[in-house]
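Structure, as structure tokens:
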Amino acid sequence: MNIINYYGNLCTEMYEILHDKAPQDELDFYLSYAEKNKKILEIMCGSGRFLVPFLEYGYNIRGVDFSVEMLEKLKLKAPEADVEYADIAEYTTNEQFDYIFISSGSVSLFTDMNLCQKILKKIKGLLAPAGKFVFAVDTIAAKCLDNDDYATSVSVKMKNGFDLVLKTKNYFDVQQQIQFSPGIYELYDRDKLLKSEHMDFQTHLYKFGEMENYLREAGFTEIKTYSSFEKEIAIDDYCDMFLFECNL
């Protein structure tokens, strides 16, 4: 499958090894907006490292993701989870949600800014009148050094003893503010290559004040921008992420 930022089989396996649980500070940040009697939607829920703890805490949460492989992992952890396979740009439901969140800077994966604005408007329409939308994006401070050749960036040992390797290269397009980081996942039994999988990974890296304009255009009127999970107010680009708390 040659879709930008699609998490395939090998990518999902590595993700599960490296990110099996949500970082506690990030989980606490998203939990801080949750209420037991409210309807919650996690967009791009992946393999459930946030959604599963929400379920365990007793919250009424639904998940949506576009990766079959990631949702299969989630269902193994929580067979009872209310999750749907869907592209959020095309997702439709008659329900509205009191709290919607997108974790881990995943909004940066929408590198087509027209599509990103369409998705923001879609999310606004999914919110109940007093609803809240919370998410993070990567900033230009997180850009990588350019390199022309693939080099091993991560290597992990799987339970079956095989080695899973990720090779990447990087290029940052200054004008578009897109970080291009194509990757090749390779599965080895000792020195024997068993399988490889390409991933066209791209992220839009944001400048201070940029996303706020898109949010206002989408119809959000109250916007708070933080630079950390401790909810410190962002004042410039010199942080690895921006976190947004948005109300209608």
According to a 4.5 Å side-chain heavy-atom criterion applied to Ile, Leu, Val, Met, Phe, Trp and Tyr, with indirect links allowed, do [X] and [Y] form part of one hydrophobic cluster?
X	Y	answer
Val165	Ile17	no
Val154	Ile184	no
Ile100	Val137	yes
Met113	Leu115	yes
Phe110	Ile140	no

Rounded distance [0.5 Å steps], [atom1] in [X] versus [atom2] in [Y]:
X	Y	atom1	atom2	value
Leu187	Lys195	CG	NZ	8.0 Å
Tyr91	Leu41	OH	CG	5.5 Å
Ser181	Tyr171	OG	OH	12.5 Å
Asn213	Lys207	CG	NZ	12.5 Å

Determine the minimum heavy-atom distance between [X] and [Y], stating which atoms define it.
X	Y	result
Asp163	Lys157	OD1-NZ, 3.0 Å
Thr12	Ser67	OG1-OG, 4.4 Å
Leu243	Ser227	CD1-C, 4.3 Å
Ile223	Glu212	CD1-O, 3.9 Å
Gly46	Asp65	N-OD2, 2.8 Å
Ala142	Asp240	CB-O, 4.2 Å

Would you indicate whether [X], at its atom [atom1], is surrounded by more than 12 heavy atoms from other residues, nucleotides or ligands within a distance under 6.0 Å?
X	atom1	answer
Ile233	CD1	yes
Tyr150	OH	yes
Glu80	CD	yes
Lys122	NZ	yes

Option among Cys11, Ser47, Cys45 that satisfies the side chain to side chain contact (heavy atoms under 4.5 Å, CB included) test with Met70: Ser47

Worked verdict on Glu13 versus Lys73 for salt bridge (Lys or Arg N to Asp or Glu O under 4.0 Å): CA-CA 9 Å; Glu13 291 296 336; Lys73 293 291 186 183; 2.9 Å; yes

Side-chain touch [X]/[Y], heavy atoms, less than 4.5 angstrom:
X	Y	answer
Leu109	Met44	yes
Phe172	Leu145	no
Ile123	Ile102	yes
Leu248	Lys124	yes
Lys143	Gln177	no
Phe244	Leu215	yes
Glu69	Tyr7	no
Gln96	Leu127	no

Steps toward side chain to side chain contact (heavy atoms under 4.5 Å, CB included) verdict (Lys75, Val83): CA-CA 9 Å; Lys75 278 298 205 178; Val83 294; 3.8 Å; yes

Residues Asp237, Thr139; criterion side-chain hydrogen bond (donor to acceptor under 3.5 Å, both in side chains); working and verdict: CA-CA 7 Å; Asp237 295 326; Thr139 75; over 6 Å; no

Any salt bridge between [X] and [Y], counting N to O under 4.0 Å?
X	Y	answer
Lys77	Glu16	yes
Arg62	Glu42	no
Glu90	Lys118	yes

Full working for side chain to side chain contact (heavy atoms under 4.5 Å, CB included) between Asp148 and Lys169: CA-CA 6 Å; Asp148 296 327; Lys169 59 182 179 179; 5.9 Å; no

Chi angles and distances behind the side chain to side chain contact (heavy atoms under 4.5 Å, CB included) call for Lys132, Glu245: CA-CA 7 Å; Lys132 193 179 295 290; Glu245 177 187 324; 3.4 Å; yes

cation_pi(Lys231, Tyr33) dist<6.0 Å, angle<=45: yes

Lys36 NZ/CZ over Tyr59 ring centroid, <6.0 Å and within 45° of normal: yes

Trace of the side chain to side chain contact (heavy atoms under 4.5 Å, CB included) decision for Tyr57 with Leu55: CA-CA 5 Å; Tyr57 283 118; Leu55 281 178; over 6 Å; no

Verdict with supporting geometry, Arg49 and Asp20, salt bridge (Lys or Arg N to Asp or Glu O under 4.0 Å): CA-CA 6 Å; Arg49 63 182 186 147; Asp20 61 327; over 6 Å; no

Mark yes or no for whether [X], through its side chain, and [Y], through its backbone, hold a donor-acceptor pair below 3.5 Å.
X	Y	result
Asp98	Gly131	no
Asp138	Leu205	no
Asp173	Gln176	yes
Ser108	His204	yes

Tyr6 and Phe66 aromatic ring geometry - parallel, tilted or perpendicular at 30°/60° bounds: perpendicular

Evaluation steps, side-chain hydrogen bond (donor to acceptor under 3.5 Å, both in side chains), between Gln179 and Gln202: CA-CA 6 Å; Gln179 178 70 62; Gln202 305 177 13; over 6 Å; no

Taking the six-membered ring where the residue is Trp, are the ring centres of [X] and [Y] under 6.0 Å apart?
X	Y	value
Phe162	Tyr188	no
Phe242	Tyr206	no
Phe133	Phe135	yes

Results of salt bridge (Lys or Arg N to Asp or Glu O under 4.0 Å) for Lys39 - residues two or more places apart only: Glu95

